[in-house]
Amino acid sequence: MKGNSIQIILFDSECLLCNRLVHQIIAADTAAIFRFVALNSDLGKSLLEERNLNSLDTDTIVLIVPSVAYYIKSEAVFEIVKSLGGVWLLFAAFQWLPTVITNYLYDLVAKNRKRFFTNAATCVLPSKKDEFRFITELP
């Protein structure tokens, strides 16, 4: 982890797989470092535009480490799991593969996720204690 600052994860709020992963990250992120923004929200679109990422072409997860960098696709996943530590670090072992391969695998899952996972109408809402982690505007 790069310091103990807040990091922002942009995710597809209409994807059940993405929603499940967000809740897994919340459970593992005991330091409450991650905040979550829906990709299709006004804030999500604004954050993408600031980084010259096209929201229409972005079928991905984006990790923003303010004032440091941003990561997309498999690189975002690797940065997130390294921050979480523990058993999550098993996934970080794949970062040694060429990015072209890990992004291909990421894209394969992203392309098929809505077919294999039903829509987010069945997703679990955040608990009251975790609501602060879902942001709609920056301070």
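None of the values given here were measured: they were computed from a predicted structure.
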Throw together a table of side-chain donor-acceptor distances under 3.5 angstrom for residues 87-96, partners on residues two or more places apart or in other chains.
none

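For Phe36, the ring pair (Phe, Tyr, Trp, His ring centres under 6.0 Å) partners at least two apart in sequence or on another chain are Phe134. With sequence neighbours excluded, the residues that form a side-chain contact (heavy atoms from CB on, under 4.5 Å) with Ala69 are Tyr71. Under the salt bridge (charged side-chain N to carboxylate O under 4.0 Å, His left out) criterion, Glu131 pairs with Lys128, not counting sequence neighbours. With sequence neighbours excluded, the residues that form a side-chain contact (heavy atoms from CB on, under 4.5 Å) with Ser46 are Glu50.
Looking at heavy atoms from C-beta onward, Leu10 lies in side-chain contact with Leu39 at the 4.5 angstrom threshold. Considering only heavy atoms from C-beta on, Ile80 comes within 4.5 Å of Ile61 through its side chain. You'll find the side chain of Ser13 reaches within 4.5 Å of the side chain of Asn40, heavy atoms only.
Note on residues 60-73: pairs passing salt bridge (Lys or Arg N to Asp or Glu O under 4.0 Å), not counting sequence neighbours, are Lys73-Asp107.
When all heavy atoms are compared, the tightest approach of Cys18 to Asp12 is CB-O, 3.4 Å. Heavy-atom minimum distance, Leu108 versus Asn112: O-ND2, 2.9 Å. Taking all atoms of both residues into account, the shortest heavy-atom contact from Thr102 to Ser74 is OG1-OG, 2.8 Å.
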